[in-house]
J.: 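What follows is a single structure, and I will ask about it in a moment.
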Amino acid sequence: MSLNYIKNFYEGCMKPPTVIGQFHTLFFGSVRMFFLGVLGFAVYGNEALHFSCDPDKREINLFCYNQFRPITPQVFWALQLVIVLVPGAIFHLYAACKSINQECILQKPIYTVIYILSVLLRISLEVVAFWLQIHLFGFQVKPLYLCDAVSLGKKLTIIKCMVPEHFEKTIFLIAMYTFTAITIVLCVAEIFEIIFRRLCFLISQ
């Protein structure tokens with residue numbers, strides 16, 4: 001019985017009840033995760049090692065880098081991907097435990113409403129992540145960062161630091177904003193598809 005639950009849960013996550021939902025899963029799982037996992041590591045993997053300040057001392061570099069990056073982009077985007085997956089995973093786990101197939105989701109009102117709520121929650125989480133990304137990283141990575149080093153007790157209160165590969169990081173930022181916007185649009189479109197298919201089902205009865 002437990003193996004059947006796992007099978008139903010896996011099929012529900014991999015093959016949502018809507019065409020747009022399936023495309024979203026493909027886009028989200030294949031493109032977005034591949035982009036973050038492979039290219040994200042290439043762009044941000046050695047950033048801390050190449051981040052240098054004037055004077056170029058290890059303690060100053062570390063202090064200013066921690067100020068420049070309160071959270072690394074890879075960690076932020078990984079958390080975003082995991083958190084955004086949670087509403088859908090919870091719904092499909094519930095559907096698997098109740099032995100609800102994909103057709104029932106679009107045929108029974110209660111399941112349709114719950115599924116729509118999970119998509120709306122997914123949209124909300126994407127919007128919050130989009131806002132946090134703007135707040136944390138902005139839209140452009142500048143080549144020079146001015147570090148406030150007052151708490152270090154040095155003579156220099158403002159230290160100039162060089163940000164490595166700033167242009168590549170700017171392009172990557174824009175790409176991640178674009179991916180988030182695409183997933184939000186797909187989620188909204190999925191809701192409209194659910195409503196349309198629900199109306200078609202009601203008319204056909």
Side-chain angles (χ1 to χ4, degrees), residues 1-37 40 71 73-139 172-205:
M1 186 69 69
S2 60
L3 290 176
N4 191 41
Y5 288 156
I6 295 173
K7 178 177 177 291
N8 292 338
F9 173 71
Y10 176 79
E11 290 179 350
C13 290
M14 294 296 103
K15 192 177 180 182
T18 62
V19 175
I20 295 176
Q22 294 173 22
F23 181 77
H24 172 269
T25 301
L26 177 65
F27 176 82
F28 196 95
S30 302
V31 180
R32 200 172 176 183
M33 289 185 179
F34 175 82
F35 193 87
L36 176 60
I71 180 172
Q74 309 102 298
V75 172
F76 175 83
W77 289 320
L79 287 173
Q80 176 187 356
L81 294 181
V82 171
I83 292 172
V84 168
L85 287 174
V86 169
I90 292 175
F91 173 83
H92 291 300
L93 180 62
Y94 169 78
C97 293
K98 295 291 184 179
S99 298
I100 303 169
N101 59 40
Q102 301 301 302
E103 290 299 323
C104 287
I105 295 174
L106 298 177
Q107 292 175 0
K108 295 188 178 182
I110 182 63
Y111 299 147
T112 304
V113 171
I114 294 174
Y115 186 76
I116 289 176
L117 288 175
S118 72
V119 177
L120 288 173
L121 181 57
R122 196 193 311 158
I123 293 172
S124 301
L125 292 173
E126 288 280 17
V127 171
V128 171
F130 193 89
W131 178 84
L132 283 175
Q133 184 176 338
I134 294 173
H135 180 72
L136 290 171
F137 310 124
F139 290 96
F172 200 90
L173 271 178
I174 294 172
M176 294 306 294
Y177 281 123
T178 303
F179 288 152
T180 302
I182 290 173
T183 53
I184 292 173
V185 170
L186 288 174
C187 290
V188 173
E190 185 178 7
I191 292 176
F192 282 102
E193 181 187 350
I194 293 170
I195 295 172
F196 176 77
R197 291 180 62 176
R198 177 65 185 168
L199 290 174
C200 291
F201 174 76
L202 293 175
I203 293 172
S204 64
Q205 284 186 321

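Just so it is clear, the values below take in all heavy atoms, side chains as well, and ignore hydrogens, waters and symmetry mates.
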J.: Checking Tyr177 now: which residues fulfil ring-ring contact (aromatic ring centres under 6.0 Å, His included) with it, not counting sequence neighbours?
T.: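 So Tyr177 forms a ring-ring contact (aromatic ring centres under 6.0 Å, His included) with Phe130, Phe139.
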J.: Not counting sequence neighbours, which residues clear side-chain hydrogen bond (donor to acceptor under 3.5 Å, both in side chains) with Thr183? List them please.
T.: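 By the side-chain hydrogen bond (donor to acceptor under 3.5 Å, both in side chains) rule, Thr183 matches Arg32, Glu126.
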J.: Could you pull out all residues at least two apart from Leu85 that satisfy side chain to side chain contact (heavy atoms under 4.5 Å, CB included)?
T.: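 Result, side chain to side chain contact (heavy atoms under 4.5 Å, CB included) vs Leu85: Phe28, Met33.
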J.: Side chains of Leu132 and Gln80: closer than 4.5 Å at any heavy-atom pair?
T.: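 SC-SC contact between Leu132 and Gln80 ruled out.
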J.: Identify the heavy atoms of Ile123 and Ile184 that sit nearest to each other, and give their distance.
T.: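 Smallest interatomic distance, heavy atoms only, reads CG2-CG2, 4.3 Å.
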J.: Name all residues meeting the side chain to side chain contact (heavy atoms under 4.5 Å, CB included) criterion together with Val86; count only those two or more places apart in sequence or in a different chain, and write none if there are none.
T.: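 Side chain to side chain contact (heavy atoms under 4.5 Å, CB included) check on Val86 returns Ile90.
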J.: How would you list all residue pairs meeting side-chain hydrogen bond (donor to acceptor under 3.5 Å, both in side chains) that involve residues 116-125, not counting sequence neighbours?
T.: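 Residue pairs with at least one partner in residues 116-125: Arg122-Glu190.
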J.: Can you list every pair that meets salt bridge (charged side-chain N to carboxylate O under 4.0 Å, His left out) and has a residue in residues 129-138, with sequence neighbours left out?
T.: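 Qualifying pairs, neighbours excluded: none.
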J.: Can you tell me how far the CG atom of Leu117 sits from the CD1 atom of Ile191, to the nearest 0.5 Å?
T.: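 One gets 9.0 Å once the value is rounded to the nearest 0.5 Å.
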J.: Between Trp77 and Phe172 (judged by ring centroids, cut-off 6.0 Å), do the two rings come close enough to count as a pair?
T.: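 Under 6.0 Å, so yes.
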J.: Which heavy atom of Pro87 sits nearest to which heavy atom of Leu125, and what is that distance?
T.: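 The pair with the smallest heavy-atom distance is CG-CD1, 3.7 Å.
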J.: With sequence neighbours excluded, what pairs up with Val75 under the side chain to side chain contact (heavy atoms under 4.5 Å, CB included) test?
T.: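 Partners of Val75 by the side chain to side chain contact (heavy atoms under 4.5 Å, CB included) criterion, ordered by chain and then number, come out as Ile71, Thr72, Leu79.
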J.: Excluding sequence neighbours, so at least two apart, what forms ring-ring contact (aromatic ring centres under 6.0 Å, His included) with Phe76?
T.: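 Only Phe137 meet the ring-ring contact (aromatic ring centres under 6.0 Å, His included) criterion with Phe76.
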